[in-house]
Amino acid sequence: MEGSSVAGSERPRPGPEAAPAAVPGILHLDMDAFFAAVEQAAKPSLRGKPVVVGGLGPRGVVATASYEARRFGVHSAMAMAQARRLCPNAAFLSGRFHAYRQVSEVVMRTLRELSPLVEPVSLDEAFVDLRAGVHGAALAEAAERGERAVVAMVEALAEDLRADIRARTGLTASVGVAGTKLLAKLASERAKPDGLVVFPPGRDREVLAPLPVRALWGVGPATAEHLRRAGLKTVGDVAEQPEGVLVRLLGQAHGHGLHALARGEDARQVVAERDAKSISVEDTFDTDLVDRQRLRAELERLARRCVARLREAGRSGRTIVVKVRRHDFATLTRSDTLPAPTDDVRVVTEVARRLLEAVDTSGGVRLLGVGISGLADFTQEDLFVALGGPEDGAAPAADGTGGWAGEPGTAGARADVDGAGGDGAVGGVGPVGASPATGAAVAPWRPGQDVHHPEYGPGWVQGSGVGRVTVRFERPDSPPGRVRTFAVDDPDLTPADPLPLVPPAG
DNA sequence: TCTGGGGTCCTAGGACCC
DNA sequence: TCTGGGGTCCTAGGACCC
């Protein structure tokens with residue numbers, strides 16, 4: 001096996017034999033069971049135990065399950081209720097996005113040491129274009145010496161990266177490297193957990209052919225079903241189809257795109273920064289909302305949250321979108337486009353209210369959302385300044401708490417409990433509901449939440465109910481800690497910031 | 001045992017203008 | 001006057017991704 005297929009520099013010749021990238025220059029990194037892994041690193045008593053992170057309300061779904069929990073069949077996007085049945089002894093935690101973001105920043109920073117061309121896909125995932133980085137030239141040189149040389153070099157580089165991430169975060173990452181984004185992502189998937197896979201360029205079709213169509217980026221349940229009905233089950237099946245067949249089956253863009261992807265042709269570049277095109281917030285309620293008054297109140301809260309995020313980002317937008325999911329899960333949107341962008345809560349709220357009025361909500365509303373798109377790069381303040389006008393006195397500074405799971409406004413008891421071992425766990429129900437209508441929320445302690453106690457130090461909420469909250473006192477670098485129970489309103493118990501998983505160096 | 005939240009991109013149809 | 005076509009903007013919905 002000579003480097004014959006590797007050597008050819010790319011030619012602008014189209015057709016089935018498009019030149020493969022000579023260098024496996026795209027790296028995809030994916031943190032293993034990220035949210036759950038952060039929790040296990042932060043909470044020594046959970047290591048080696050099943051951990052499930054996600055929404056804990058009656059309509060919650062799993063965001064991430066630790067590998068221990070996956071063995072019971074728990075996986076992301078599963079209804080939380082089902083996860084509890086499958087794995088009742090798991091620790092069920094609501095997300096601590098603050099902590100995840102902190103760890104994510106360390107990971108992304110580490111990637112940027114390899115190359116400035118880093119494209120974060122989510123908190124736990126990113127592409128890196130190695131050719132644009134410090135090793136770019138050496139990589140090209142190695143490629144000229146042949147496939148073995150580049151692969152060896154890429155492997156060394158990627159293992160160093162994984163070791164760095166482990167040292168800095170205490171967490172494991174899986175890495176895939178290949179000539180295209182598609183193959184790099186498939187490689188990292190194959191590497192899971194805690195592994196590395198390099199697909200040398202030129203082998204793309206070979207790697208792809210046996211995979212199920214679902215492996216292709218952009219093929220979900222609907223497309224897979226379309227393809228299946230046409231008798232196409234594997235990527236190889238799709239690759240053999242003439243483009244016209246796929247276009248007729250799936251439409252212009254999708255058909256064309258899939259035709260290329262199935263053949264390993266993926267020209268998507270790694271893009272370091274892209275501006276957001278829309279900002280939205282939404283809440284699913286524990287029970288369907290019927291009361292118009294209540295719906296309006298929730299809508300206004302959402303509008304404030306949405307605008308707060310818009311302003312945080314220093315943007316404004318022209319199109320206001322209201323999203324309604326009805327009791328039967330039917331989802332509809334109503335939008336209105338203003339003549340000019342705004343970041344004024346009053347405007348957004350007013351438009352949203354009008355849009356909601358036009359929707360029949362009599363059957364009950366499961367979810368309500370407010371979004372803004374058609375984003376522009378200036379804020380109302382800029383406009384005032386530009387016009388020499390007064391300071392914007394109206395800025396309603398909607399509090400940008402920005403969290404996820406918390407939504408203290410939604411109805412119902414947010415009870416939750418259970419630690420992994422079940423030893424000190426308090427079975428519990430219904431802490432203090434919030435009073436959403438009045439907005440006077442008594443923040444219930446959320447499972448997983450960081451707390452501090454003057455005597456016992458840092459700890460985390462294991463569960464709460466019947467006026468009590470159980471806390472396990474431990475920290476990332478301590479042995480598993482002990483559980484103590486307090487009254488929910490114990491003044492000594494205060495919310496705390498997440499501790500770093502790895503003590504800061506130096 | 002019903003199905004989160006935050007995004008992106010595409011399609012189709014209608015309005016409107018040239 | 002009639003007919004046709006293209007381009008752009010907007011709305012609504014759907015598929016998909018993490």
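Chain identifiers are assigned alphabetically (A, B, ...) following the order of the sequence lines, protein sequences preceding nucleic acid strands; residue numbering begins at 1 within each chain.
As judged by a 4.0 angstrom heavy-atom cut-off over every strand, A:V62 is placed among residues making no nucleic acid contact. Nucleic acid contact class of A:S76 (heavy atoms, under 4.0 Å, all strands): none. The residue A:L216 sits close only to the backbone: its heavy atoms come under 4.0 Å of sugar-phosphate atoms, none of a base. Using a 4.0 Å heavy-atom distance criterion, A:E125 is classed as a sugar-phosphate-only contact. A:R85 comes within 4.0 angstrom of a nucleotide base, judged by non-hydrogen atoms across all strands.
An OP1 or OP2 oxygen of B:dT3 is reached within less than 4.0 angstrom by no side-chain nitrogen or oxygen of A:T284. Note on A:R318: every side-chain N or O is 4.0 Å or more away from OP1 and OP2 of C:dC9. Between A:T319 and the phosphate of C:dC10, there is no side-chain N or O to OP1/OP2 separation shorter than 4.0 Å. Checking the phosphate oxygens (OP1, OP2) of C:dA15, no side-chain nitrogen or oxygen of A:T223 falls inside 4.0 Å. At the phosphate of B:dG4, OP1 or OP2 sits under 4.0 Å from a side-chain N or O atom of A:R366. Between B:dT8 and A:S278, a contact under 4.0 Å exists linking OP1 or OP2 to a side-chain N or O.
Atom CG of A:L355 and atom C1' of C:dC10 are 13 Å apart (whole Å). Remark: C1' of B:dG6 and CG of A:L302 are 13 Å apart, rounded to the nearest angstrom.
Distances were taken from every side-chain heavy atom of A:V61 (C-beta onward) to each of B:dG6, B:dG4, B:dT8; the shortest belongs to B:dG4. Picking from C:dC18, B:dT3, C:dA15 the nucleotide with the shortest atom distance to the side chain of A:R59 gives B:dT3.
By the 5.5 angstrom centroid cut-off and the 30-degree plane limit, A:F329 is classified as stacked against the base of B:dT3.
Partner assigned to B:dC18 is C:dG5, using Watson-Crick or G-U wobble distances below 3.5 angstrom.
Between A:K277 and A:A79, the residue anchored closer to the 5' end of DNA chain B is A:A79, taking for each the nucleotide with the nearest heavy atom.
Atom-to-atom distance recorded for A:E350:CD and A:D344:CG is 11.0 Å, nearest 0.5 angstrom.
By the 30° and 60° cut-offs, the orientation of the rings of A:Y100 relative to A:F35 is parallel.
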